[in-house]
Protein chains: 2
Amino acid sequence: MTKALERREKLRADLILAAERMIATRGLAGLKTRDLAREIGCANGAVYNLVADVDELVLRVGSRTLLRLDQALSAAVRAGNPSPQETLVRIAIAYCDFAAENLELWRAMFEHRMEPDKDVPDWSVDDQMQLFRHIYAPLAALFPKRGTEELGITARSLFSAVHGMVALGLEQRLVAVPLPALRKEIAILVRAMIDGLMARAAQGPRENS
Amino acid sequence: MTKALERREKLRADLILAAERMIATRGLAGLKTRDLAREIGCANGAVYNLVADVDELVLRVGSRTLLRLDQALSAAVRAGNPSPQETLVRIAIAYCDFAAENLELWRAMFEHRMEPDKDVPDWSVDDQMQLFRHIYAPLAALFPKRGTEELGITARSLFSAVHGMVALGLEQRLVAVPLPALRKEIAILVRAMIDGLMARAAQGPRENS
DNA sequence: CAGCAACCTTGAACATCGTTCAATAATTAT
DNA sequence: ATAATTATTGAACGATGTTCAAGGTTGCTG
């Protein structure tokens, strides 16, 4: 009993690693079950003993990517201990760099759509939520008056904005933006967003202008 | 000769409209050539007399969507004539509303990937570039000192940031953000970005902080 | 109007997917 | 050792985008 299960788990790990390599080199669209089976040395049908379907496989790879991203962001926060503002800038740049260095794996996380009427399992959404905590701490230092919920919303807004810049910036579709230029633009806009948010917070809620 | 060509063009228009309806109701992944052929009343193979492949079809639908988006943004700019800041906020909100009301068509533009080694035709990239002009004008009013190239970069950064907020905000994947809340968040962040950019422009280039 | 060439349309066929499943092999329990 | 359970296989299924030879239409010409 134990022998069979061990082998199974080993194969499962191999499968996920092979899928990761395949996505990294050929993109999400280049992930093929038959190629995976050949790579890990089993029949194509056997893939479905290790994993329910390709959706799960992609999610498992995404989980690993998310973990590495988390580590990259942690490292960015740890380096030096500058102001909360600059910490947020560093996180944004680190996000940009990670996306550039892991382009296809990073894209796969956002390109992938579950097959109709089946939704993302809990363990996968939990993974994603973890990311915001890096942004949350510096933000809390900058806006001590705000409650946890409000901070959470601001954190998601900031993340989304930076994500958008990275996503469209790394797209080949439009004129390719050179990476250094993109990093600079991100730094400028993150500083601007924080400055702007703090200025408005300082003078309190009021009419538009 | 003319009769045949007329029919062809009519069918072609029907095809694109049918594809548009199909993407709108079933998403990009729900676009099937056989269903399209049945809908416009021709053999499945005939689709390839009207269009080179599905890539072109999706791009043609995208072109129409982009045109309607352009009109929506134009209308947002035209309504009243507030400050350039508030014009930019209106554009961002209009972008958000358009995406929400045309969710699948809007998503299709960004989800679609050309098949390998074939790249987006010129007429399609031109369509996309047109969008920035809405952002460009108010920005130019706010930053008279900046050159056209610098303004173009800032415009793209702003657009990308708002796009990110809309894209992740409308995603069901994470906790669904109610639309009014999303609109409010976008308005807040756009104002903050502009405030922050202007503040830094006013005191001129300098060290970080 | 008849004949002919150019073009169009058709739908069957092909290649490639993800996925399933009955048959076979391997492993475990008795 | 033998039976029972479980795992693995690879052929087959159903979709799907795309192609193409066969047959049908159209429009020009004598």
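So you know, we letter chains A, B, ... as the sequences are listed, proteins then strands, and number each from 1.
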Value in whole Å for how far the [atom2] atom of [N] lies from [atom1] of [X]:
X: A/Arg38; N: C/dC17; atom1: CZ; atom2: C1'; answer: 14 Å
X: B/Asn49; N: D/dG24; atom1: CG; atom2: C1'; answer: 14 Å
X: A/Leu36; N: C/dG18; atom1: CG; atom2: P; answer: 8 Å
X: A/Glu56; N: C/dT19; atom1: CD; atom2: P; answer: 11 Å
X: B/Leu50; N: C/dC7; atom1: CG; atom2: C1'; answer: 14 Å

CA sep, side-chain torsions, deciding dist, call: A/Arg156, B/Val177, side chain to side chain contact (heavy atoms under 4.5 Å, CB included): CA-CA 11 Å; A/Arg156 199 189 47 220; B/Val177 186; 3.4 Å; yes
Check whether any side-chain heavy atom of [X] sits under 4.5 Å from a side-chain heavy atom of [Y], and report yes or no.
X: A/Phe110; Y: B/Glu111; result: no
X: B/Thr65; Y: B/Phe98; result: yes
X: B/Val77; Y: B/Arg90; result: no
X: B/His163; Y: A/Met165; result: no
X: A/Cys96; Y: A/Glu185; result: no
X: B/Asp195; Y: A/Asp195; result: no
X: A/Leu142; Y: A/Leu88; result: yes

Evaluation steps, side chain to side chain donor-acceptor pair (under 3.5 Å), between A/Asn102 and A/Arg68: CA-CA 10 Å; A/Asn102 301 271; A/Arg68 289 189 302 115; 2.9 Å; yes
Members of residues 13-21 of chain B that approach DNA chain C, where some heavy atom sits under 4.0 Å away: none
Side chain to side chain donor-acceptor pair (under 3.5 Å) between B/Asp127 and B/Ser63, worked out: CA-CA 7 Å; B/Asp127 281 349; B/Ser63 195; 2.4 Å; yes
Return the polar atom pairs (N/O with N/O) between nucleotides 13-19 of chain D and the protein under 3.5 Å, or none.
residue : atom : partner : partner atom : Å
D/dT16  : OP1  : B/Lys32 : NZ           : 3.0
D/dG17  : OP1  : B/Leu31 : O            : 3.2
D/dG17  : OP2  : B/Thr33 : N            : 3.1
D/dG17  : OP2  : B/Thr33 : OG1          : 3.0
D/dG17  : N7   : B/Arg34 : NH1          : 2.8
D/dG17  : O6   : B/Arg34 : NH2          : 2.9
D/dT18  : OP2  : B/Tyr48 : OH           : 2.8
D/dT18  : OP2  : B/Val54 : N            : 3.2
D/dT18  : O5'  : B/Tyr48 : OH           : 3.4

Check: B/Arg191 side chain, A/Leu197 main-chain N or O, donor-acceptor pair, under 3.5 Å: no
Degree of bending, the helix from C/dC1-D/dG30 to C/dT30-D/dA1 (end axes from five pairs; round to 10°): 20°
